[in-house]
Amino acid sequence: MPLLIVGSIGIDTIHTEHGSAPNVLGGSASYASVAAGFFDRVHLVGIVGGDFPKQHMDLYKKKNVDLTGLEMISNGATFRWTGKYHPNFATRDTLEIHLNVFETFRPKIPAQYRKTPYVLLANIDPELQLMVLDQIEKPRFVAADTMDLWLNIKLEKVKEMLRRIDLIVMNDEEAEQFTGEKNLIRAGKKLLSCGPKFAAIKKGANGAALFSKEGIFQVPAYPLETVVDPTGAGDCFIGGLMGYLASSGKKSFNDLKKGVVYGTAMASYAVEDFSLQNLVKLKKTGVTKRFAEIRKMTGF
Ligand code: AMP
């Protein structure tokens with residue numbers, strides 16, 4: 001079943017201890033869509049300016065992403081973000097952010113996308129995420145991501161959004177900030193009490209935890225000796241998870257567990273090179289291979 005993804009599309013400049021990547025494809029929806037496209041057809045809704053390179057459009061198309069919902073403002077500039085990671089990769093500084101066409105973005109879901117059964121609200125302003133929820137009809141399963149910025153400046157909108165979705169994804173710092181709980185288990189349970197049936201907390205190199213009324217599922221990160229660029233790891237995690245769910249047509253705790261492992265595999269490939277470069281080269285057999293390796297690694 002197809003998956004609708006709404007989020008940011010940007011041109012990033014990234015600095016890590018492995019070097020710099022100027023003007024590369026980025027944005028929460030770019031990472032999530034390309035990751036999800038390994039599993040099923042993606043309906044992407046986002047906005048770009050006239051400066052958005054054609055080669056990026058071609059990449060989306062090649063990766064199973066339908067662009068009917070991509071708005072292009074020919075006299076505007078694409079969203080731009082510049083970030084620099086600290087040597088341990090756990091933290092980063094935003095050096096520059098230019099919203100550009102995002103300043104006036106009001107997501108419009110094309111009529112033929114409104115009944116898409118699976119929906120992913122990738123990281124964007126929660127007010128825009130709510131606008132998407134107002135336009136979609138009877139979705140089977142809705143997931144959302146967010147970031148510290150929105151918890152700082154639009155907390156009430158994040159709370160409103162949480163009451164209307166099935167799965168919320170946050171990293172451990174965001175979950176602590178949102179719930180006031182330092183303990184991951186308490187934080188996960190508190191997230192569930194805010195509305196969604198499921199909550200996933202990402203712990204970077206320490207893996208991820210999935211919470212539901214039925215229990216908790218924890219998975220380690222795929223063991224990598226070298227991380228080149230962690231940008232978009234979280235977006236690939238949720239893209240992989242939702243791509244798998246959409247392809248299965250299911251939504252139980254057991255299905256989400258498998259989704260978390262697929263998400264972990266997608267994130268591990270993403271961080272091995274700058275931007276989406278490693279996902280461009282990746283084949284579905286690679287995804288299946290890492291899924292099997294994680295299953296073997298965690299079985300006893
Ligand atoms: P992540 O590493 O998962 O936080 O995702 C990184 C991506 O988020 C980059 O490609 C950026 O273009 C994008 N990004 C950075 N700041 C924002 C923002 N305020 N809203 C939406 N997307 C953003």
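For clarity, every value in this text was computed on a predicted model and none was experimentally measured. Counting starts at 1 for both ligands and their atoms, following the listed order.
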Please check: side-chain N/O of Tyr118 versus main-chain N/O of Pro139, any donor-acceptor pairing under 3.5 Å?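 It does not hold such a pair.
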
If we ignore hydrogens and angles and just use 3.5 Å, is the side chain of Asp93 paired with the main-chain N or O of Leu95 as donor and acceptor?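 A pair under 3.5 Å: no.
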
Which heavy atom in [X] sits nearest to a heavy atom in [Y], and how many Å separate them?
X: Ala200; Y: Phe237; result: CB-CE2, 4.3 Å
X: Leu128; Y: Phe105; result: CD2-O, 3.4 Å
X: Asp148; Y: Glu174; result: N-OE2, 3.6 Å

Note every protein N or O atom lying under 3.5 Å from an N or O atom of ligand 1, pairing the names and giving the distance.
from     : atom 1 : to     : atom 2 : distance (Å)
ligand 1 : 2 (O)  : Arg92  : NH1    : 2.9
ligand 1 : 2 (O)  : Gly232 : N      : 2.8
ligand 1 : 3 (O)  : Asp235 : OD2    : 3.0
ligand 1 : 4 (O)  : Arg92  : NH2    : 2.8
ligand 1 : 5 (O)  : Asp235 : OD2    : 2.9
ligand 1 : 10 (O) : Asp12  : OD2    : 2.4
ligand 1 : 10 (O) : Gly27  : N      : 2.6
ligand 1 : 12 (O) : Asp12  : OD1    : 2.7
ligand 1 : 12 (O) : Gly27  : N      : 3.3
ligand 1 : 22 (N) : Ser8   : OG     : 2.8

Please check if the number of heavy atoms outside Lys154 that lie under 6.0 Å from its NZ is greater than 12.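 Enclosed.
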
